[in-house]
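We're numbering straight along the sequence, starting at 1.
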Amino acid sequence: MSKYTTEALRSVALVGHGAAGKTSLAEALLFASGAISAKGSVEKGSTVCDFDAQEKDAGHSLTSAIVNFGHENTHIHLIDTPGYPDFAGQSIAALAGVDTALVVVNAQTGIELMTERMMRHAAERKLCRMIVINKIDADNLDLPGLVADIRERFGKQCMLLDLPAHGAADVVEVLEHDAGDADFESVAAAHRALIDQIVEEDEDLLAQYLEDGADPSAAALHAPFEKALREGHLIPILFVSAKTGAGIKELLHALASLAPNPQEGNPPPFYKGEPGDKTEPFLAVPDADKHVLAHVFKVVADPYMGKIGIFRVHQGTVKKDMQLFVGDSKRPFKVAHLYQLQGKESVEVDQLLPGDIGAVAKVDEIDFDCVLHDSHDEDHIHLVPLAFPTPMAGLAVETKKKGDEQRLFDILNKLAVEDPTFVVERHPTSNETVIRGLGEIHLKAKLEKMVSQYKLEVDTKPPRIPYRETITGSAEGVHRHKKQSGGAGQFGEVHLRIEPKERGEGFEFVDAVKGGVIPGVFMAAVEKGVRQGLEGGVVAGYAVDDLKVTVFDGKTHAVDGKEVAFVVAGRKAVIDAIRAAKPIVLEPIVNIEIVVPESAIGDLAGDLSSRRGHITGTDGRGHGMSAINGEVPLAELNDYQSRLKSLTGGQGSYTIEFARYSAVPPNVQQQMASKFQLHDEDE
């Protein structure tokens with residue numbers, strides 16, 4: 001039996017920008033709770049969460065890590081996440097496993113890119129949020145200014161839950177204390193503001209508070225405090241130093257007494273049905289006696305344990321040796337071993353309750369974002385997917401040794417299984433295998449893992465840009481395929497109409513044939529041919545998208561009507577129609593954020609403009625750094641890392657995120673079309 005109940009469980013994720021000290025904070029919490037006997041350090045590569053050799057070499061987290069510990073009769077599951085934007089997929093995925101996001105801010109550098117992104121992602125997921133300001137032991141800090149900046153960026157609901165005291169040697173908690181010494185601001189004023197905010201959540205409590213003027217009891221404040229957290233009306237601010245231990249026991253107390261248990265947090269957004277069809281919300285109840293419902297938010301391809309599925313239990317009790325279904329599968333798997341994770345250690349347990357985070361190994365059917373359940377009553381239940389950034393940075397890869405191609409695909413598949421923002425593409429027209437991620441550092445880490453873990457080296461080069469083609473007008477196409485070579489021949493005729501759709505709406509195929517002029521048995525062949533025609537493009541050799549194809553007429557032959565004939569007719573008819581429908585080439589446009597020294601802004605602005613980009617805004621980051629936000633075609637960024645390094649003396653960094661597809665300029669399209677025509681003639 002478990003040593004705790006669901007009511008005693010807490011689940012939190014440490015999120016925020018790189019170098020905010022999240023891994024060191026996790027280490028300090030583990031040490032203060034007694035889960036470890038000594039604190040490790042990131043510099044020495046001895047922390048519980050950064051256990052991978054790659055992470056130790058890099059000096060920062062590359063993937064999320066799960067630990068757990070007890071404090072004040074509660075059991076706390078904690079997920080430490082990477083902070084650099086290139087590894088945001090791991091951080092965002094962790095939000096599906098917790099009730100509370102602890103957004104860690106570096107007191108020295110303040111609000112940074114991932115601080116804002118993770119605050120937004122957590123809010124969209126309706127998670128309870130707390131802000132933890134770390135490194136308060138550093139010199140020359142402006143903590144009052146940082147608090148003011150937090151409130152300006154994220155709202156007045158960001159309120160002090162404690163304050164640094166005695167030169168940041170410790171902190172004083174302000175919910176349960178209305179007096180004391182603090183390094184800035186009044187403890188009494190912070191206490192009163194916090195109480196005023198909490199009581200507004202309960203009309204009866206507010207009336208009593210206004211009538212007698214006395215602070216409500218801690219028990220009376222608990223429910224309105226949780227409501228304020230759930231609804232985003234309160235985002236507590238806490239101060240810590242993971243290095244000195246200041247504020248760590250106060251943070252532990254806040255997690256145990258104030259962070260929501262699974263019954264108090266906002267329910268996870270499950271729904272019943274299939275995407276694209278009619279769906280309805282499904283309420284997962286954190287009741288240990290109900291059917292099991294668990295969600296896999298992380299997958300690890302371990303060389304010794306096989307595929308490991310890490311999941312959060314939302315309903316029911318997962319027990320060792322029970323049978324579980326994966327998604328809508330009709331065949332269950334047996335939970336032969338059930339684990340809780342402590343960094344790299346897998347601790348075997350007998351059962352997991354609602355709110356627990358656990359893992360199963362060697363189950364090939366498990367994939368990221370799948371739902372585990374023990375009854376067919378829960379078939380067709382899914383969790384609303386998280387919004388991940390689109391991986392746009394790319395490299396074409398090929399093996400150094402011939403004969404390793406299949407092994408390359410197997411390894412890339414394992415890497416993709418582990419990371420929702422790592423994508424593998426195979427482009428038949430260019431014969432390229434392309435890996436895509438969130439940035440150069442992201443892809444570099446994957447390549448290093450291929451060498452260190454899988455002993456496979458590859459050559460890389462810039463990939464072809466993922467252009468697309470589309471149409472701007474409507475047109476009709478017709479083609480008759482007739483072939484006679486003695487004996488049975490081939491005959492098929494297709495008439496079709498094409499019309500443009502809105503950007504991002506994709507391809508639609510409509511069968512409007514009447515009277516059986518094209519027998520239904522051949523319509524799949526027509527669609528196959530149409531799709532083949534779209535794949536090759538007509539302007540520059542890129543796939544055609546965002547159009548509707550309606551087949552409205554045709555002919556067949558009683559003897560020579562063949563499937564192959566209608567494939568050819570469909571392909572050539574759609575190509576003829578596209579050529580007449582004013583086709584254009586589309587290119588991917590990305591949002592770019594460049595963090596540079598303020599002195600380099602002018603040079604960077606000019607360089608971005610020369611790349612057909614434009615600036616949408618700038619934002620001061622303090623310490624002589626600024627962030628430039630803009631838009632630029634992805635095709636213009638092939639050599640950008642080296643150019644940025646040259647312009648900023650190695651101090652600049654950038655991140656990109658897919659924005660939209662846009663038409664390439666006419667002169668660029670003409671150049672692309674001429675090259676494609678020459679290639680086409682050669683073929």
Side-chain angles (χ1 to χ4, degrees), residues 13-18 20 22-23 49-50 52 54-55 58 60-66 79-98 101 103-104 112-125 127 295-302 307-312 357 359 366-370 383-395 411-425 434-450 453 588 590-593 634 653-659:
L14 297 178
V15 298
H17 202 77
K22 297 182 295 297
T23 300
C49 292
D50 281 358
D52 184 82
Q54 252 190 294
E55 292 177 313
H60 60 81
S61 301
L62 301 175
T63 184
S64 59
I66 295 94
I79 307 177
D80 177 35
T81 70
Y84 290 102
D86 280 36
F87 306 100
Q90 294 286 317
S91 306
I92 296 169
L95 299 179
V98 300
V103 183
V104 184
E112 299 175 90
L113 174 64
M114 285 294 286
T115 317
E116 293 187 302
R117 285 189 180 177
M118 296 312 297
M119 281 288 285
R120 183 179 74 249
H121 282 296
E124 289 171 351
R125 204 64 179 181
L127 296 181
H295 173 258
V296 176
F297 65 87
K298 181 178 172 67
V299 172
V300 177
D302 187 90
K307 185 187 279 190
I308 301 173
I310 301 170
F311 57 88
R312 158 76 181 261
I357 292 175
I366 284 182
D367 287 311
F368 172 77
D369 212 27
C370 72
L383 195 64
V384 172
L386 291 150
F388 291 98
T390 303
M392 295 303 299
L395 282 174
I411 292 169
L412 290 178
N413 181 59
K414 289 180 180 179
L415 296 177
V417 159
E418 295 181 313
D419 190 339
T421 56
F422 179 73
V423 176
V424 181
E425 302 171 351
V434 177
I435 57 173
R436 294 199 181 276
L438 299 184
E440 292 183 15
I441 300 174
H442 189 196
L443 295 180
K444 181 182 177 184
K446 299 298 182 186
L447 295 174
E448 288 175 350
K449 187 169 184 176
M450 289 172 66
Q453 182 170 320
V590 296
N591 294 320
I592 187 168
E593 179 171 87
L634 180 64
S653 62
Y654 77 98
T655 59
I656 59 174
E657 194 170 41
F658 175 73

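Taking both residues in full, the closest heavy atoms of Val296 and Gly309 are given as CG1-CA, 4.3 Å, listed atom of the first, atom of the second, then distance. Nearest heavy atom pair, residue Met450 against residue Leu415, reads CG-CD1, 3.6 Å. Annotation for Leu438 and Pro85: closest pair CD1-O, 3.7 Å, computed over non-hydrogen atoms. Gln453 and Ala301 make their closest contact through NE2-O, 3.7 Å (heavy atoms, listed as atom of the first residue, atom of the second, distance). What you find for Ala393 and Ile656 is that their closest heavy atoms are N-CD1, 4.2 Å.
No donor-acceptor pair under 3.5 Å is formed between the side chain of Glu593 and the backbone N or O of Thr655.
With sequence neighbours left out, the side chain to side chain donor-acceptor pair (under 3.5 Å) criterion links Thr23 to Ser61, Asp80. Here Phe422 pairs with nothing under the ring pair (Phe, Tyr, Trp, His ring centres under 6.0 Å) rule; sequence neighbours left out. Applying the salt bridge (charged side-chain N to carboxylate O under 4.0 Å, His left out) criterion to Asp302, with sequence neighbours excluded, gives no partner residue. Here Asp369 pairs with His295 under the side chain to side chain donor-acceptor pair (under 3.5 Å) rule; sequence neighbours left out. In this structure Asn413 satisfies the side chain to side chain donor-acceptor pair (under 3.5 Å) test with no other residue, sequence neighbours excluded. Listed by chain and number, the residues in a ring pair (Phe, Tyr, Trp, His ring centres under 6.0 Å) with Phe311 amount to none (sequence neighbours excluded). Partners of Lys414 according to the side chain to side chain donor-acceptor pair (under 3.5 Å) rule, which considers only residues two or more places apart in sequence or in another chain, do not exist here. Taking the salt bridge (charged side-chain N to carboxylate O under 4.0 Å, His left out) definition, one finds that Glu425 meets it with Arg436, sequence neighbours left out.
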Please tabulate, for side-chain N and O atoms in residues 114-124, each donor-acceptor pair with protein atoms closer than 3.5 Å (sequence neighbours left out).
unit_1, atom_1, unit_2, atom_2, d
Thr115, OG1, Glu112, N, 3.1
Thr115, OG1, Glu112, O, 3.3
Glu116, OE2, Arg153, NH1, 2.8

Identify every side-chain donor-acceptor pair in residues 86-95 under 3.5 Å, counting partners at least two apart or on other chains, and give the distances.
unit_1, atom_1, unit_2, atom_2, d
Asp86, OD2, Ile441, N, 3.0
Asp86, OD2, His442, N, 2.9
Gln90, OE1, Thr63, OG1, 2.7
Gln90, OE1, Ser64, N, 3.3
Gln90, OE1, Ser64, OG, 3.3
Gln90, OE1, Lys298, NZ, 3.0
Gln90, NE2, Glu418, O, 3.2
Ser91, OG, Pro82, O, 2.6

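Side-chain atoms of Lys446 and Asp419, non-hydrogen and from C-beta on, do get closer than 4.5 Å to each other. Between Phe297 and Leu383, every side-chain heavy-atom pair lies at or beyond the 4.5 Å cut-off. Using a 4.5 Å cut-off on side-chain heavy atoms (C-beta onward), Lys307 and Asp367 make contact.
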Going through the checks in order, is the side-chain contact (heavy atoms from CB on, under 4.5 Å) test met by Ile357 and Ile310?
CA-CA 7 Å; Ile357 292 175; Ile310 301 170; 4.2 Å; yes
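The line from CG of Leu443 to CD1 of Ile435 is 5.0 Å long, rounded to the nearest 0.5 Å. In this structure, Lys22 NZ and Leu14 CG are separated by 8.0 Å, a value rounded to the nearest 0.5 Å. The line from OG1 of Thr81 to CG of Leu62 is 12.0 Å long, rounded to the nearest 0.5 Å.
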